[in-house]
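As a basis for the values below, the full set of heavy atoms in this structure was taken, side chains included, without hydrogen atoms, waters or symmetry mates. One-based numbering, in listed order, for ligands and for the atoms of each. Keep in mind that what you see is a predicted model, and the values were worked out from it rather than measured.
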Amino acid sequence: IYSDVHSELGWSKPVRSSSILESPPRCASPFSRARLPRPFHRGLRKRAIAVLSMASFSSACRFLARRLSGASGVRRSLCSGAAGVPREDVAGYHIGGGPSFMRGMVFWEPNKPLTIEEFHMPRPKAGEVLIRTKACGVCHSDLHVIKGELPFSSPCVVGHEITGEVVEHGPHTDREIINRFPIGTHVVGAFIMPCGNCSFCVKGQEDLCEAFFAYNRAKGTLYDGETRLFLRSNGKPVYMYSMGGLAEYCVVPANGLATLPSSLPYTESAILGCAVFTAYGAMRHAADVRAGDAVAVIGIGGVGSSCLQIARAFGASEIIAVDVQDEKLNNAKMLGATHTINAKKEDVIEKIKALILTLFYSFCVFPDNVCDLKTRVCFKIHQEMGISSAYNACIFVFQEITGGMGVDVAIEALGKPLTFAQCTKSVRDGGKAVMIGLAAAGSVGEIDINRLVRRQVKIIGSYGARARQDLPEVVKLAERGVFNLQNTVSRKCKFEEAGSAYDDLDRGQIVGRAVVEIM
Ligand SMILES: [Zn+2]
Ligand SMILES: [Zn+2]
């Protein structure tokens, strides 16, 4: 053991005490208290144990390095500790025979173009996994950061919706994690990467993880308060929006990962980690959608498209898609929408109420073109209540009867005050208005307090989902073909084109979701 430690650490002086050399202990354990010379034994014992533990640590590291290089060609030039990484170590770190650096897409300041920069190869710490990124989705949350609408530490690498391949585990990572995600595993990453230890994580509410918000969202780091990204040119730190997914490699806490079966493609599956994940959290936990529910989704982008498909999978009977672009609404029909409303051409709330009304009353004797609102109750009301004409009866019905009508669940996926109001007004009495669209910082939504109180409207915020319980479920649904991933991913682009993809997203030119293919 001594010679092993000696050569491992490159010490110039022998660490052995001359007194031990002169009188070697005869018992099985060289550190037995009884056998060591009395005057020295305390200090020696301490030192010897320290040397022993260093020896086992360094040999464990070498063992791990051998395992990694044998399994996937990954080699680490230096053995790192779990604590902070010295700068020279960062520079010396490389992936066997190959890269010691990588490229990442950096956001510098609001409304300045993203640039591609070279980084030292990021190093995972305990409980973390190094991923070779294969694909990263182009999401509105990144855009909010890029436009300066959501304050975030900069410079930072954006991108938080990834798939990739496991290439390394951080030192001292739990054996169970290594077994769950062996080298070479295809994985998908959730944008909320739960710490697993805070009071919310312990309760299973990983979507509220304190560490994620306190460190990642507030400081742009992982949960030891440090980033894993350092520029190759000058070693300066660059922050991470979630895992900093728009890069050739990224470090992800293992709690934020799920295995991606080989039947699911890297590119299309990237959206499982944010768009679909967020939609699942909203439909499953916030809205608790049940079979037979009427659901309206306002804003049919990446998340909204996923909401439609989950509503269909959960058995919703009416699924109403609301957007301002006919192209998105046509796409919505393929993803499960039973009705569509173009908010530029029609009054969203009136149309939703009218649609719901037709579910309850379908005995109108007039052909559709007689009744503008197509509520089909006008004739009966006209006869029974003596209202002058069927049309006026229709208006009456609309105003009087539909007051408490609406969908069971309305989802707002845009984050705008106008659509916030539409969402709260389109639910029935006791219905759930679920907000999942992030707004510009400081945005305020309005609500009629008396209706909220008397009609027991529930307004529920929902952010992401619970990675360890929900992400595997999302993957299972995808495997069963619940999501039309091909239809939701409307554009694939190269790493170099990521900046222009965000520009197009900003201009509303991306119908579903754009995904950047990285390696
Ligand atoms: Zn996102
Ligand atoms: Zn937590």
Side-chain angles (χ1 to χ4, degrees), residues 105 107 126-128 133 135-147 149-150 152 156-163 188-219 221-225 240-246 250 252-257 268-282 299-307 411-415 435-439 462-471 474 488-490 498 501-502 505-506 510 512-516:
M105 190 65 74
F107 158 75
E128 298 169 359
T133 321
C136 181
V138 174
C139 175
H140 251 110
S141 311
D142 297 312
L143 189 60
H144 279 308
V145 171
I146 292 167
K147 291 170 77 179
E149 293 168 348
L150 279 181
F152 195 79
C156 73
V157 169
V158 289
H160 57 272
E161 202 180 56
I162 60 127
T163 52
V188 55
F191 80 93
I192 297 181
M193 311 167 297
C195 76
N197 300 316
C198 71
S199 60
F200 287 110
C201 281
V202 166
K203 281 185 278 197
Q205 291 176 288
E206 295 180 340
D207 42 354
L208 290 171
C209 174
E210 283 173 321
F212 173 74
F213 288 99
Y215 286 100
N216 190 269
R217 283 303 183 258
K219 294 180 180 168
T221 67
L222 292 184
Y223 311 142
D224 58 351
M240 310 159 69
Y241 190 68
S242 290
M243 70 291 280
L246 263 179
C250 60
V252 188
N255 288 340
L257 294 171
E268 285 80 0
S269 304
I271 67 164
L272 298 178
C274 175
V276 180
F277 185 66
T278 297
Y280 183 86
I300 310 300
V303 182
S305 309
S306 304
C307 286
I411 307 279
E412 197 282 341
L414 281 175
M435 308 299 164
I436 54 178
L438 280 178
S462 180
Y463 187 65
R466 301 163 186 178
R468 281 184 291 183
Q469 37 177 313
D470 294 338
L471 193 57
V474 164
T488 308
V489 174
S490 52
Y502 282 110
L505 181 67
D506 194 24
I510 291 175
R513 193 67 138 192
V515 174
V516 180

(message) Restricting to non-hydrogen atoms, name the atom on F277 and the atom on A190 that form the minimum distance, rounded to 0.1 Å.
(response) CZ-CB, 3.7 Å
(request) Mind listing the closest non-hydrogen atom pair of S141 and L438 along with its distance? (result) OG-CD1, 4.1 Å
(request) Might you point out which heavy atoms bring A282 and S462 nearest each other, and give the distance in Å? (result) CA-OG, 3.4 Å
(request) Using the Zn ion (ligand 2) as the apex, give the angle to atoms SG (C209) and SG (C195), rounded to 10 degrees. (result) 100°
(message) With side chain to side chain contact (heavy atoms under 4.5 Å, CB included) as the test, pick out the partner of V188 among L257, T163, I162.
(response) T163
(request) Please answer whether the main-chain N or O of C195 pairs with a side-chain N or O of N255 as donor and acceptor at a distance below 3.5 Å. (result) yes
(message) If I only include protein atoms of type N, O or S, how many are less than 2.8 Å from the Zn ion (ligand 1)?
(response) 3
(request) Tell me, please, which residues at least two apart from D207 pass side chain to side chain donor-acceptor pair (under 3.5 Å). (result) R466
(request) To the nearest 10 degrees, calculate the angle at the Zn ion (ligand 2) involving SG of C198 and SG of C201. (result) 100°
(message) Taking the six-membered ring for Trp, are F213 and Y463 closer than 6.0 Å centroid to centroid?
(response) yes
